[in-house]
Amino acid sequence: MTAAPAAPATPAQVARQAEAFPRLTSAQIARIEPHGRRRQVQAGEVLGEAGEPVTKIFVVVSGRLDLVRPPRWVGEDVPTFSEGMFTGERSILAGGRFLARIQAGTPCDVIEVARNELLELIQTDAELSDIFLRAFILRRLQLIDQGFGDVLLLGSNHCQGSLHIREFLTRNGHPYKFVDLDSDADSQAMLDQFHVRVGDIPVVICRGTVVLRNPTIQQVADCLGLNPTIDRTAICDLVIIGAGPAGLGAAVYAASEGLNVVMIEANAPGGQAGTSSRIENYLGFPLGISGQELAARAYDQAQKFGARILIAKTVVRLNCDTKPYRVFFGDGEGEPLLTRAIIIASGVEYRRLAVENLSRFEGAGVYYAATRMEAQLCADEAIAVVGGANSAGQAAMFLAQTASRVHMLIRGDGLAKTMSRYLISLIEAHPRIELHTRTEIVGMEGNGHLEQVAWRSGRGGPVQQQKIRHVFTMTGAEPSTKWLAGCLALDNKGFIKTGQALSTDDLTTAKWPLRRSPHLLETSLPGVLAVGDVRSGSTKRVASAVGEGSIAVAAVHQILAE
């Protein structure tokens, strides 16, 4: 039996493909040429090898360049670059690595454009900026949809480590192929090929050669070359700690205004907002936007203006007494970063449920995000969402698309005090969402993966056992500031005090050295600011966080001029 022919592409798909692989006009190529160098390429010559740093793109004047995929993708359509087309995808913005080989299929005449020249072109030519950025982003989305990249992840949907790595790769927009060892018929052959034992799971294979057994997120990031090299002896204008909406907003404004910016993120861009399945009240997006998509756009925007972003790097300490300030990383990771100013946007973390064996099921039935990946794990099953704020409501609505039943558990008497009215109306009208007030989870059971939860309704009420294998917890927030204790003034809940919230005693204790008072978002340490959810008294909204990021940059300019 022959396979049915593929359905013809729709006009929208044809248009999108033309945006992903556009053909430049002769006038556009003429504007690019001063930013690069023309060179001749022989047939078979390799211009970029998988795993090498992406330091340039190639505009084809004549001839053809081919994308050469690894053997396991033989038989699929692969893009080629002919006259007027150009190579590259999102990796070039971050200074990442080639995901596949670029090789000349015929003798070629090309214009080689270095990354720094490309960024300058993107910042100064609006038409070419739109063409390049749209193509780079759409190509990356295609790679993600096809599961094609330089990462092969061998794991299980019931394994904490597997889910953690999948979440990291997904939220960072890095394409990968996942092999579920529980269901893939060829998985044993792969395990034998790479000499993998059961105790090694999960396993990450980089570029088909480097095998990482049960790796940390930092090891995965390093293997994939996600981070640019930064001269630790040079002094930055600004270091931003945390890549949530506030940090990303600050990075975009600071970099676009000419500051030398480095941003540091412990996991993935977006912070808590990046885990939201849908944000419907953010200005300019009447149809809503996922937190991950919003974060990805801001991430690309910051890099367009030249901000350098370090991923999977944890800041553990600042020096609080000398300038330039020093930003120290965890695990004794090299020399500290030197900087004239700092913006802390480290955000908050969801509180963990008060269940004795919770850690056994985190990533194996207990989740702190509701994205497409988690939704696929719990399709056609009953689930529980714990929390009564907007993030929990959005998660319940999103997961109800695939789950058979969504139990919303809140400790209060209702949602009116903690959730937007429009969202309450949607939840109340949804046939698959059931609200349980004055209810909390008191127990969890399972063998390797969560199988059953126990919850109690009302004080002293009866405990009910429920066959639920997936719990999404979004219960309040705790600031990520333990590493700042003794360095900055914090409020009684651990949030950073800034501006007028700093009392005379706070400034006296901190030995505030300047004649002026702290700026609006400045902490008890001159030149160190705090924005977003981590700041005491902040409004916990995405728009507010982005606004604070931009306001902080205005203060940074004043501080640097002092």
Side-chain angles (χ1 to χ4, degrees), residues 15-41 47-48 53-65 67 79-99 102 108-143 173 228 237 248-263 269 284 293-294 296-309 550 553:
R16 193 173 181 84
Q17 190 68 5
E19 289 182 318
F21 295 93
R23 199 175 296 275
L24 299 169
T25 66
S26 57
Q28 290 166 340
I29 292 175
R31 298 209 304 274
I32 293 171
E33 187 158 9
H35 293 269
R37 69 181 183 99
R38 191 181 285 248
R39 55 177 286 199
Q40 304 296 315
V41 179
L47 300 181
V54 183
T55 59
K56 61 196 72 172
I57 66 166
F58 300 92
V59 179
V60 181
V61 179
S62 65
R64 190 189 80 238
L65 298 180
L67 179 69
T80 61
F81 304 93
S82 55
E83 181 178 341
M85 301 177 75
F86 55 88
T87 66
E89 54 91 44
R90 194 180 176 205
S91 294
I92 188 70
L93 298 177
R97 297 183 183 180
F98 284 106
L99 299 179
I102 300 292
C108 295
D109 185 12
V110 302
I111 299 172
E112 178 184 297
V113 183
R115 177 177 177 269
N116 60 332
E117 289 289 334
L118 176 67
L119 291 178
E120 181 180 333
L121 189 62
I122 287 174
Q123 293 169 26
T124 56
D125 190 312
E127 181 189 27
L128 289 173
S129 175
D130 288 348
I131 292 171
F132 279 123
L133 289 177
R134 188 176 292 114
F136 293 156
I137 292 169
L138 290 177
R139 290 174 187 178
R140 173 56 67 94
L141 292 175
Q142 286 187 7
L143 293 173
D237 290 327
L248 287 166
V252 168
Y253 281 95
S256 68
E257 294 169 9
L259 296 183
N260 178 358
V261 181
V262 175
M263 185 160 63
E293 184 180 359
L294 183 64
R297 292 185 183 191
Y299 180 75
D300 291 336
Q301 195 173 10
Q303 291 180 318
K304 163 188 171 179
F305 291 119
R308 292 168 294 170
I309 303 176
S550 66
V553 171

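Residue pairs meeting the side-chain hydrogen bond (donor to acceptor under 3.5 Å, both in side chains) criterion with at least one partner in residues 88-98, sequence neighbours excluded, are E89-S91, E89-R140, R90-D300, S91-R140.
Considering only heavy atoms from C-beta on, R134 stays 4.5 Å or farther from P22 through its side chain. Here the side chains of T80 and M85 are not in contact, with every heavy-atom distance at 4.5 Å or above. Using a 4.5 Å heavy-atom cutoff, the side chains of L93 and L133 are in contact. Side-chain contact between Q123 and S256 is absent, with no heavy atoms from C-beta onward closer than 4.5 Å. In this structure, the side chains of R38 and V110 stay at 4.5 Å or more apart for every pair of heavy atoms.
For the residue pair L65 and C108, the shortest heavy atom distance occurs at CD2-SG, 3.9 Å. The two residues F98 and G48 make their nearest non-hydrogen contact at CE1-CA, 3.7 Å. Considering all non-hydrogen atoms of both residues, V261 and A254 come closest at CG2-CB, 3.6 Å. For the pair A302 and I309, the tightest heavy-atom approach, listed with the atom from each and the gap, is CB-CD1, 4.4 Å.
Paired with H35 under the rule side chain to side chain contact (heavy atoms under 4.5 Å, CB included), one option of I111, L121, L119, L118 passes, and it is L121.
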Inset, instruction - Please test L128 against Q28 for side-chain contact (heavy atoms from CB on, under 4.5 Å), starting from the C-alpha separation and ending with a verdict. - result: CA-CA 7 Å; L128 289 173; Q28 290 166 340; 4.0 Å; yes

Inset, instruction - Just do the side-chain contact (heavy atoms from CB on, under 4.5 Å) check on K56 and V113 with the steps written out, would you? - result: CA-CA 5 Å; K56 61 196 72 172; V113 183; 6.0 Å; no

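We find the CD-OG distance between E83 and S26 to be 9.5 Å, quoted to the nearest 0.5 Å. Of the inter-residue distances, the one linking Q303 atom CD with M263 atom CE reads 8.0 Å to the nearest 0.5 angstrom. In this structure, E117 CD and I57 CD1 are separated by 11.5 Å, a value rounded to the nearest 0.5 Å. Atom CG of L67 is separated from atom CG of L99 by 9.0 Å, given to the nearest 0.5 angstrom. In this structure, the separation between CG on L47 and CZ on F58 is 4.5 Å, given to the nearest 0.5 Å. Rounded to the nearest 0.5 angstrom, D125 CG and F132 CZ are separated by 8.5 Å.
Remark: L141 pairs with R16, I137, L138 by the side chain to side chain contact (heavy atoms under 4.5 Å, CB included) rule, at least two apart or across chains.
Few gaps surround CZ on F305; more than 12 heavy atoms of other groups in view lie less than 6.0 Å from it.
Taking the ring centre of F86 as origin, the terminal cationic atom of R139 falls inside the region bounded by 6.0 Å and 45° from the ring axis.
The aromatic rings of F81 and F21 sit tilted, their planes meeting at an angle between 30° and 60°.
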